[in-house]
Undergrad: 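Got a structure here, written out as structure tokens. Questions coming.
Naming: A, B, ... by sequence-line order, numbering from 1 per chain. Not measured: the values here are computed from a predicted model.
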There are 2 protein chains.
Amino acid sequence: MDSSDLKQAGLKTTLPRLKVLSILENSKIRHLSAEDVYRELLNDETSLGLATVYRVLTQFEEAGLVIRHNFEGEKAVFELNDLEHHDHMICIKCGRVIEFVDPSIERHQELVAERHDFTIQDHSLTLYGTCKTCTPA
Amino acid sequence: MDSSDLKQAGLKTTLPRLKVLSILENSKIRHLSAEDVYRELLNDETSLGLATVYRVLTQFEEAGLVIRHNFEGEKAVFELNDLEHHDHMICIKCGRVIEFVDPSIERHQELVAERHDFTIQDHSLTLYGTCKTCTPA
DNA sequence: GTATATGCAAAACTTTTGCATCCTT
DNA sequence: AAGGATGCAAAAGTTTTGCATATAC
């Protein structure tokens, strides 16, 4: 992702937008809150206002560059929309986020929706529990 | 549900709690925000403070009497925990909430979790789209 | 040069908390 | 009588907005 993605989205290539994009691409942690992004930039010589970070992330979401998640109890987090669609497992002990795809689940969502004459536009599936490391043996 | 459910949950039988319980049981709409509950009580001779509604709903959640949902973009909503487990479809046009259960989906959640050595404690599956009435033909 | 973007501070909105008072047991 | 529950107002946390200034094209 680079400035051409911004242009395509109808967004001017500005330093704040490039910085946010770069954080999203290079951060070790894939799911970041607006404040996470803001804080990563604080060390930076020219940091951004938190309001700008929110505005940029919202524009990115509208442009389809990022996906916003509202996981339980947390503030909103954002991830780059650069992978195939996937759902999430979240470890309630260490916070780790595991991404997964399950075609059977996807298919059955469609089937159950059809059964109710419902047209799916989007869905959100999140499993909460403990990961390999955090599950007591 | 009545005062005995409160006692069992270790909660004193108070008027505010009974009122909230009664709203949850008798409201036409099943999924209510704290403010929805608060507003239904405003006409009432003795209404409750919003803070009390939040406290009561939180206690009910801890006691397992209600389930709290954080649907996308909305404030938290609460529903009585009096049905079997189920997931939700939400019409993004009319706000209607349809409850459903799909054993295949449940099963495949377990399978995919196992594959990742993940132990599910809870999950949240919500389909967003348009219902029968709101889907353009 | 013009339109759009940003920064800052203030506002908005949801939810929680402190504390004095009241109610249930 | 004692402990827990409530109301009110204030605080906290997250996200949005108004407006003057700065920046991209």
Undergrad: Between Arg115(A) and Asp102(B), does any NZ, NE, NH1 or NH2 come within less than 4.0 Å of an OD or OE carboxylate oxygen?
TA: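 A salt bridge is present here (some side-chain N lies under 4.0 Å from a carboxylate O).
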Undergrad: Hey, does Ala76(B) reach any base, or is it just sugar-phosphate, or nothing, if we go heavy atoms under 4.0 Å?
TA: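 Sugar-phosphate only.
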Undergrad: Is there side-chain contact between Arg68(B) and Thr58(B), with at least one heavy-atom pair below 4.5 Å?
TA: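 Heavy-atom side-chain distance check passes, below 4.5 Å.
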Undergrad: Please determine whether residues Leu24(A) and Ile29(A) belong to a single hydrophobic cluster, defined as Ile, Leu, Val, Met, Phe, Trp and Tyr linked transitively by side-chain heavy-atom distances below 4.5 Å.
TA: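 Yes, it is one cluster - the side chains of Leu24(A) and Ile29(A) are joined through contacts under 4.5 Å.
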Undergrad: Using the rule that two of Ile, Leu, Val, Met, Phe, Trp, Tyr join whenever any of their side-chain heavy atoms come within less than 4.5 Å, decide whether Tyr54(A) and Leu18(A) are in one cluster.
TA: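 Result: yes, single cluster for both.
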Undergrad: At a cut-off of 3.5 Å, list every protein nitrogen or oxygen paired with a nitrogen or oxygen from nucleotides 23-25 of chain C, distance to 0.1 Å.
TA:
none

Undergrad: Rounded off to whole Å, could you give me the CD-to-C1' distance for the Glu61(A) and dT16(D) pair?
TA: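 It works out to 14 Å between those atoms.
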Undergrad: Quick one: does Asp87(B)'s side chain get under 4.5 Å of Leu127(B)'s, heavy atoms only?
TA: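 No - every pair of side-chain heavy atoms lies 4.5 Å or more apart.
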Undergrad: To the nearest Å, how far apart are Glu74(A) CD and dT15(D) P?
TA: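 Going from Glu74(A) (CD) to dT15(D) (P), I get 11 Å.
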Undergrad: Minimum heavy-atom separation for Gln109(A) to Ile120(A), with atom names?
TA: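 Nearest pair, atom of Gln109(A) first, then Ile120(A): O-CD1, 3.6 Å.
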Undergrad: Decide whether Lys19(A) and Ser47(A) meet the rule of one side-chain donor and one side-chain acceptor closer than 3.5 Å.
TA: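 No, Ser47(A) and Lys19(A) have no side-chain donor paired with an acceptor closer than 3.5 Å.
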Undergrad: Rounded to whole angstrom units, what separation is found between the CZ atom of Arg39(B) and the P atom of dC13(C)?
TA: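 The answer, rounded to whole Å, is 13 Å.
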Undergrad: Starting at OH of Tyr38(A) and ending at P of dG13(D), how long is that distance when rounded to a whole Å?
TA: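 These atoms are roughly 15 Å apart.
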Undergrad: Step by step, work out the salt bridge (charged side-chain N to carboxylate O under 4.0 Å, His left out) result for Asp36(B) and Lys75(B).
TA: CA-CA 11 Å; Asp36(B) 290 337; Lys75(B) 47 185 141 179; over 6 Å; no
Undergrad: Kindly give the heavy-atom pair with the smallest separation between His116(B) and Glu99(A), and that separation in Å.
TA: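 What the structure gives for the nearest pair is NE2-O, 4.2 Å.
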Undergrad: Does anything in residues 46-55 of chain A come within less than 4.0 Å of DNA chain C? Heavy atoms only, and list the residues if so.
TA: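 Residues of residues 46-55 of chain A under 4.0 Å from DNA chain C: Ser47(A), Leu48(A), Gly49(A), Ala51(A), Thr52(A), Arg55(A).
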Undergrad: Starting from P on dT14(C), measure out to CG on Leu57(B) and report it in whole angstrom.
TA: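 Rounded to whole Å, this separation is 15 Å.
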Undergrad: Using a strict 4.0 Å threshold on nitrogen-to-oxygen distance, state whether Arg30(A) and Asp82(A) make a salt bridge.
TA: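 Looking at Asp82(A) together with Arg30(A), the answer is yes, because their closest N to O distance falls below 4.0 Å.
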Undergrad: To the nearest Å, give me how far apart NE2 (His69(A)) and P (dT15(D)) are.
TA: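 It is 14 Å, rounded to the nearest whole Å.
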Undergrad: Check the distance between dA5(D)'s P and Phe60(B)'s CZ and give it to me in whole angstrom.
TA: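 In whole Å, dA5(D) P and Phe60(B) CZ are 11 Å from each other.
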Undergrad: Applying side chain to side chain contact (heavy atoms under 4.5 Å, CB included) between Val20(B) and each of Leu32(B), Val37(B), Leu15(B), report the one that passes.
TA: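 That would be Val37(B).
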Undergrad: Determine which bases of DNA chain D form Watson-Crick or G-U wobble pairs with both distances under 3.5 Å, and write the result as a 5' to 3' dot-bracket string with | for other-strand partners.
TA: |||||||||||||||||||||||||
Undergrad: Specify the separation, in whole Å, of atom CG of Asn70(B) and atom C1' of dC13(C).
TA: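 Roughly 15 Å, once rounded to whole Å.
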